[in-house]
Amino acid sequence: MTTPDEDLPLAGTVVLLRPAADGFQVLLLRRPSRGSFADAWVFPGGKVEPGDRQPGAAEVDDARRAAARETAEEVGLTARDLVPLSEWRPPAEAPVRIRTWFFLALAPDAEPSPSADEVVELAWVSPAEALARHASGEWRLFPPTWLTLHRLSAFADVDAALASGGAVELFQTQVRDEGRAFGWAQGILHAHTLPWRFDPV
């Protein structure tokens, strides 16, 4: 029996932004070839642990604390003033189903210090560059990461990107065309060949 979405485990992810000459960059890390998101480029983050929960707190706040903790553990950076951006709910077909909250935050001035157990390499790149590396086959991305980058690529600078947060969008994922596409109320991601293409509703 499929677990109702509201009862799924929670996770939090931080999209760290920093100004750059051509606009802004985001921090992405490549996971090891084992475990969740093997060899994929993702934003820092992870599951909500018991220590992240506070009595009476909203789940978005628990996810925010988890996202900040995981960012510190994975890349050694302190993320502050996390602005909620989106909530991603996995498709019923997913072997491991976790609801994930995405947050935006201005990156601190400190240099990242990656955890050897959780991070193979780091990269500060513009959203457009990350998408280009995926389109060429150089990088592996999962749909929530790809679509977040795709949407952020429309903004000219950090301030504009940060301003896009606050009003949380829900992405209820559906698998289409036997796994060759993914659908949400916002549109369809065609992922059967590179480069991927998103058709908004």
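Bear in mind the structure is a predicted one, so any value in this text is a computation, not a measurement. Residues take their numbers from the sequence shown, with the count starting at 1.
Here the closest non-hydrogen pair linking V83 and G165 is CG1-C, 3.6 Å. Residues L28 and W41 approach most closely at O-CZ3, 3.6 Å, considering heavy atoms. In terms of heavy-atom proximity, P19 sits nearest to V158 at N-CG2, 3.5 Å. Nearest heavy-atom pair across F155 and A160 is CD2-O, 3.8 Å. Heavy atoms only, all atoms of each residue included: S153 and A128 are closest at CB-N, 4.3 Å. Contact detail for A110 and L77: the closest heavy-atom pair is O-CD2, 3.4 Å.
Residues L16 and F103 are not in side-chain contact: their nearest non-hydrogen atoms beyond the backbone lie 4.5 Å or more apart. Side-chain atoms of T173 and P143, non-hydrogen and from C-beta on, never get closer than 4.5 Å to each other. Taking the side chain as every heavy atom from C-beta outward, K47 and E70 never approach each other to under 4.5 Å. Residues P44 and E74 meet the side-chain proximity criterion, which asks for heavy atoms closer than 4.5 Å. Contact annotation: the side chain of R64 approaches that of P84 to within less than 4.5 Å [non-hydrogen atoms, C-beta and beyond]. Looking only at side-chain heavy atoms (C-beta outward), V125 and Q25 stay at 4.5 Å or farther from each other. When side chains are defined from C-beta on, W184 counts as touching L189, because their heavy atoms get closer than 4.5 Å.
In this structure, a donor-acceptor pair under 3.5 Å is present between the side chains of D199 and H190.
Aromatic pair H134/W196: centroids less than 6.0 angstrom apart. In this structure, W139 has its ring center at least 6.0 angstrom away from the ring center of W146. Aromatic ring centres of F142 and F37 lie closer together than 6.0 Å.
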